[in-house]
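Accompanying notes for the structure given below.
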Amino acid sequence: MAPAVIDAMSAVLGNLYGNPSSVHGYGQEAKTAIDIARSGIAKLLGAEPTEITFTSGGSESINLAIRGTAAALTSSGRRHLVASAIEHEAVHQTLKALSKQGWSTTLVPVDKTGIVEPSRLAEALTEETGLVSIMHANNEIGTIQPIPELVELAHSKGAIFHTDAVQSVGKIPVNVQDLGVDLLSISGHKFNGPKGTGALWIKRGSQLQSQITGGRQERNRRAGTENVPAIIGLGAAAKLVLETGQTTRTAIVALRDRLETGILREVSGTQRNGDQNRRVGNTSSISFQGIEAEALLIALDLQNIAVSTGSACSSGSLEPSHVLRAMGFGHHRTQNSIRFSLGLGTNVDEVDRVVALLPGLVEQLRSTSNHTMPPETGRRE
Ligand code: PLP
């Protein structure tokens with residue numbers, strides 16, 4: 001978390017204990033603080049404060065967007081849901097759950113650079129498509145999807161469009177008007193806010209059924225007493241992005257490029273995964289030929305360098321990355337790729353240390369590996 005976020009949360013943890021739904025002064029004080037945070041999030045997204053619903057994070061926002069829209073569409077006869085093949089599990093598992101309740105679902109493929117071709121979405125859309133959910137930026141390879149073009153296609157068929165912008169907010173400018181979407185999910189901990197916080201932007205007039213029922217909080221869209229300190233932390237993180245986002249982004253892109261070019265230059269048998277240009281600036285996914293990604297992850301961890309082999313939620317399992325698989329890479333490349341993520345606080349010494357350590361670690365793993373991996377051809381399979 002950014003120091004400014006910690007400060008903002010610390011300042012209210014002991015003081016702002018009123019329930020925002022209470023009419024007394026303490027409650028109203030908490031409500032005012034929440035409203036300020038709501039305005040901050042709205043400003044960050046180019047939206048109206050009344051269009052922001054606070055949630056417990058990206059997964060809940062996504063569930064509310066998809067399940068809430070599906071429930072509202074039930075009587076419309078539109079029983080078809082579309083998503084891309086490289087969505088986060090929060091989208092894929094939600095579609096899977098809805099498919100068991102009678103919804104038909106289609107996953108649109110990506111090209112070998114990790115981009116959804118608009119023509120492929122056009123092929124998937126039918127008169128019965130109710131909702132399309134395609135992420136703004138991918139969490140494993142960072143690729144940015146052509147959302148405005150995809151939205152136009154979905155809207156021409158009368159479908160609602162949700163985008164998972166969890167990985168794009170704070171990393172590139174995100175404006176709901178420019179994107180043209182109807183629903184947009186964000187998560188606080190991806191832009192230096194607290195974990196377990198997020199929001200769903202719901203375009204005014206959208207039909208959506210609450211998934212947590214009870215009290216009338218969040219304009220009847222999400223019942224339950226608000227997590228006031230967390231929401232204030234989310235608001236502080238949004239403020240930071242608005243004030244210093246561009247400077248931070250420029251610095252992080254320079255460090256990411258230094259890391260990536262350093263690795264590709266110094267370590268033999270390495271390749272970048274995903275489009276080099278159409279991606280967010282903090283992510284680098286690299287394939288290391290002849291290496292088991294998990295082994296390299298552990299070797300780096302022993303040096304206090306934290307990397308990931310896929311999406312964090314699937315680490316701990318040896319499941320190959322569904323993102324790299326969807327890009328057409330074979331078994332070896334989906335098992336030998338590492339994701340490096342940089343952020344606020346990453347510095348040039350850390351980057352240079354990783355570049356200096358990697359050749360030796362990789363060499364050691366390759367020489368002790370008791371099986372050889374054939375070179376990855378990059379062909380779609
Ligand atoms: N969507 C994407 C693209 C993500 O990267 C993540 C988290 O890693 C999520 C959704 C889920 O967000 P949260 O962990 O806040 O529930």
Side-chain angles (χ1 to χ4, degrees), residues 1 5 41 44-45 52-68 83-97 107-108 110 114-116 132-145 147 150 161-172 174 179 181 183-201 211-212 222 227 230-231 233-235 237-238 241 273-274 278-285 306-317 319 321-324 326-327 337 339-343:
M1 286 201 288
V5 173
I41 296 290
L44 179 68
L45 302 176
I52 305 295
T53 296
F54 289 120
T55 66
S56 66
S59 300
E60 189 192 325
S61 300
I62 290 165
N63 270 266
L64 175 57
I66 299 177
R67 291 175 192 265
S84 86
I86 61 166
E87 297 299 307
H88 188 270
E89 286 300 299
V91 171
H92 281 171
Q93 293 302 328
T94 303
L95 256 53
K96 213 180 245 181
L107 294 186
V108 182
V110 293
I115 304 278
V116 177
V132 175
S133 186
I134 296 182
M135 68 202 322
H136 194 193
N138 182 264
N139 43 314
E140 291 186 35
I141 51 170
T143 48
I144 301 166
Q145 303 304 332
I147 298 297
L150 300 173
F161 201 105
H162 165 251
T163 192
D164 168 359
V166 163
Q167 291 285 348
S168 58
V169 167
K171 288 155 193 148
I172 50 173
V174 175
L179 292 173
V181 295
L183 300 154
L184 181 140
S185 293
I186 69 170
S187 171
H189 70 109
K190 305 296 181 186
F191 55 103
N192 306 109
K195 290 174 186 62
T197 62
L200 178 65
W201 171 75
Q211 296 301 295
I212 301 180
R222 203 254 190 189
N227 185 346
I231 289 172
L234 186 67
V241 173
N273 298 316
R278 294 160 75 184
R279 60 178 171 156
V280 289
N282 73 315
T283 309
S284 180
S285 170
V307 298
S308 172
T309 55
S311 56
C313 58
S314 56
S315 60
S317 76
E319 273 288 293
S321 152
H322 72 284
V323 174
L324 298 178
M327 288 161 69
S337 292
R339 171 174 58 142
F340 298 85
S341 304
L342 294 86

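Atoms within a ligand are numbered from 1 in the order they appear, just like the ligands themselves. Since the structure is predicted, the reported quantities are computational estimates derived from the model, not experimental observations.
Taking 4.5 Å as the limit, some side-chain heavy atom of Val91 sits within range of a side-chain heavy atom of Ile66. Counting heavy atoms from C-beta outward, Leu184 and Leu200 have side chains that stay 4.5 Å or more apart. Contact annotation: the side chain of Val5 never approaches that of Phe191 to less than 4.5 Å [non-hydrogen atoms, C-beta and beyond].
Close approach of ligand 1 to Asp164 is summarised as follows: ligand atoms under 4.0 Å from at least one heavy atom of the residue are 1 (N), 2 (C), 3 (C), 10 (C). The ligand atoms of ligand 1 that sit less than 4.0 angstrom from a heavy atom of Gly58 are 12 (O), 13 (P), 15 (O), 16 (O). Ligand-side atoms of ligand 1 in range of Asn139: 3 (C), 5 (O), range being under 4.0 angstrom from any heavy atom. Counting the atoms of ligand 1 from 1 in the order shown, those under 4.0 Å from a heavy atom of His189 are 13 (P), 14 (O), 15 (O).
Judged purely by distance below 3.5 Å, without hydrogens or angles, the side chains of Ser61 and Thr55 pair a donor atom with an acceptor atom. For the residue pair Glu140 and Ser321, a side-chain donor N or O sits within less than 3.5 Å of a side-chain acceptor on the partner.
Contact annotation: Ile62 has at least one heavy atom less than 4.0 Å from an atom of ligand 1. Using a 4.0 angstrom heavy-atom cutoff, Glu87 does not count as in contact with ligand 1.
The minimum heavy-atom distance between Ile62 and His162, with the atom names listed, is CG1-CE1, 3.9 Å.
Residue contacts with ligand 1, taken as heavy atom pairs separated by less than 4.0 Å, involve Met135 solely via side-chain atoms from C-beta onward. Proximity of Ala90 to ligand 1, defined as any heavy-atom pair under 4.0 Å, is not found for any part of the residue.
When the side-chain contact (heavy atoms from CB on, under 4.5 Å) test is applied to Asn192, the partners found at least two apart in sequence or on another chain are Ala2, Leu344. Scanning for ring-ring contact (aromatic ring centres under 6.0 Å, His included) contacts around His189 gives an empty result, with sequence neighbours left out.
Distances between N or O atoms of Lys190 and those of ligand 1 include at least one value under 3.5 Å. Residue Gly57 has no nitrogen or oxygen atom sitting less than 3.5 Å from a nitrogen or oxygen atom of ligand 1, judged on distance alone. Inclusion of Glu60 in the set of residues having an N or O under 3.5 Å from an N or O of ligand 1 is not warranted.
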